[in-house]
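Input: a single structure, listed below in structure tokens.
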Amino acid sequence: MLDIEFLAVDPTLSKEGVWFPFISGAELLLSRFNNEEAERMRRRLYAENLEVLQKEGPEAEALHDSIQATVLAHCVLKDWRGFTSKGKPLKYTPEVGLKYLSDPQYVDFKNFVENNSQNRERYRSKAEDEAVETVKDTADS
């Protein structure tokens, strides 16, 4: 049996993001991969580029990757803390994010953003989290 409340996610966390620990104390503020803003941008960019995307081959794949990086930079990765470039603090902007998310040298970074922004558990409804804690406390008694 599936308790329907298990599927609940917090709309505010999904939109505004959750801080995820990264490497060496750095952190990323990630909204959900499929948040409303991201879905709107994906649909618009896919519609604008439909002719190329419908063709198979390297051009379509490169365009798909470019769209994905753009959506991640503008709608999913909201901020970061603890990042530097050549020893100087690196402030997050969508343009800076896109630079790294679209560079094949930083594929592990892009994969981290994609994978963690799809982790439903991190965006669960606060009410569900409280219920889980209550059950856990009761079970421990």
Side-chain angles (χ1 to χ4, degrees), residues 1-140:
M1 301 293 280
L2 173 67
D3 187 334
I4 192 71
E5 279 70 30
F6 177 76
L7 301 175
V9 293
D10 185 317
T12 302
L13 294 178
S14 295
K15 179 181 178 183
E16 294 177 8
V18 174
W19 285 102
F20 283 80
F22 195 54
I23 301 167
S24 299
E27 296 177 289
L28 300 169
L29 181 62
L30 303 177
S31 64
R32 283 195 77 190
F33 182 82
N34 62 345
N35 74 69
E36 189 176 317
E37 177 187 23
E39 289 299 305
R40 263 196 319 271
M41 181 178 268
R42 268 188 205 94
R43 282 192 302 272
R44 180 178 56 78
L45 293 174
Y46 283 137
E48 290 172 1
N49 296 282
L50 189 59
E51 190 174 308
V52 174
L53 290 167
Q54 286 180 330
K55 299 175 186 174
E56 292 186 20
E59 184 181 5
E61 289 175 24
L63 182 55
H64 180 281
D65 289 346
S66 174
I67 289 171
Q68 184 72 316
T70 300
V71 171
L72 291 173
H74 288 271
C75 305
V76 176
L77 178 54
K78 298 293 189 174
D79 200 0
W80 61 31
R81 296 190 282 221
F83 280 74
T84 61
S85 177
K86 299 177 183 168
K88 295 182 180 176
L90 184 61
K91 180 176 174 25
Y92 184 78
T93 66
E95 294 74 26
V96 169
L98 182 58
K99 173 183 173 183
Y100 294 101
L101 290 164
S102 60
D103 186 332
Q105 294 181 86
Y106 296 93
V107 68
D108 290 342
F109 175 65
K110 180 181 178 185
N111 289 340
F112 182 91
V113 171
E114 283 181 347
N115 293 336
N116 284 280
S117 65
Q118 294 179 59
N119 179 347
R120 188 194 67 77
E121 292 299 312
R122 292 297 300 264
Y123 302 95
R124 281 194 325 194
S125 172
K126 291 176 186 171
E128 181 189 340
D129 286 344
E130 290 168 6
V132 168
E133 287 303 314
T134 301
V135 169
K136 214 185 289 183
D137 291 344
T138 305
D140 291 341

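Contacts of Leu50 classified as side-chain contact (heavy atoms from CB on, under 4.5 Å), with partners at least two apart in sequence or in another chain: Gln54. Annotation: salt bridge (Lys or Arg N to Asp or Glu O under 4.0 Å) contacts of Arg122 (sequence neighbours excluded): none. Shown here are the ring-ring contact (aromatic ring centres under 6.0 Å, His included) partners of Phe112, two or more places apart in sequence or in another chain: Phe22. Partners of Glu16 by salt bridge (Lys or Arg N to Asp or Glu O under 4.0 Å), not counting sequence neighbours: none found. Qualifying side chain to side chain donor-acceptor pair (under 3.5 Å) partners for Asn35, counting only residues two or more places apart in sequence or in other chains: Ser31. Here Glu36 pairs with Arg40 under the salt bridge (Lys or Arg N to Asp or Glu O under 4.0 Å) rule; sequence neighbours left out. With sequence neighbours left out, the side chain to side chain donor-acceptor pair (under 3.5 Å) criterion links Gln118 to no other residue. Evaluation of the side-chain contact (heavy atoms from CB on, under 4.5 Å) rule for Pro94 yields His74, Tyr92 as partners, not counting sequence neighbours.
Under the 6.0 Å cut-off for aromatic ring centres, Phe109 and Tyr100 do not qualify, their centroids lying 6.0 Å or more apart.
The list of salt bridge (charged side-chain N to carboxylate O under 4.0 Å, His left out) pairs with a residue in residues 63-85, not counting sequence neighbours, reads Glu27-Arg81, Glu37-Lys78. Applying the salt bridge (charged side-chain N to carboxylate O under 4.0 Å, His left out) test to pairs two or more places apart or on separate chains, none has a residue in residues 55-64. Listed by first and then second residue, the ring pair (Phe, Tyr, Trp, His ring centres under 6.0 Å) pairs involving residues 29-53 are Tyr46-His64 (not counting sequence neighbours). Applying the salt bridge (charged side-chain N to carboxylate O under 4.0 Å, His left out) rule to pairs touching residues 88-112 yields nothing, sequence neighbours excluded.
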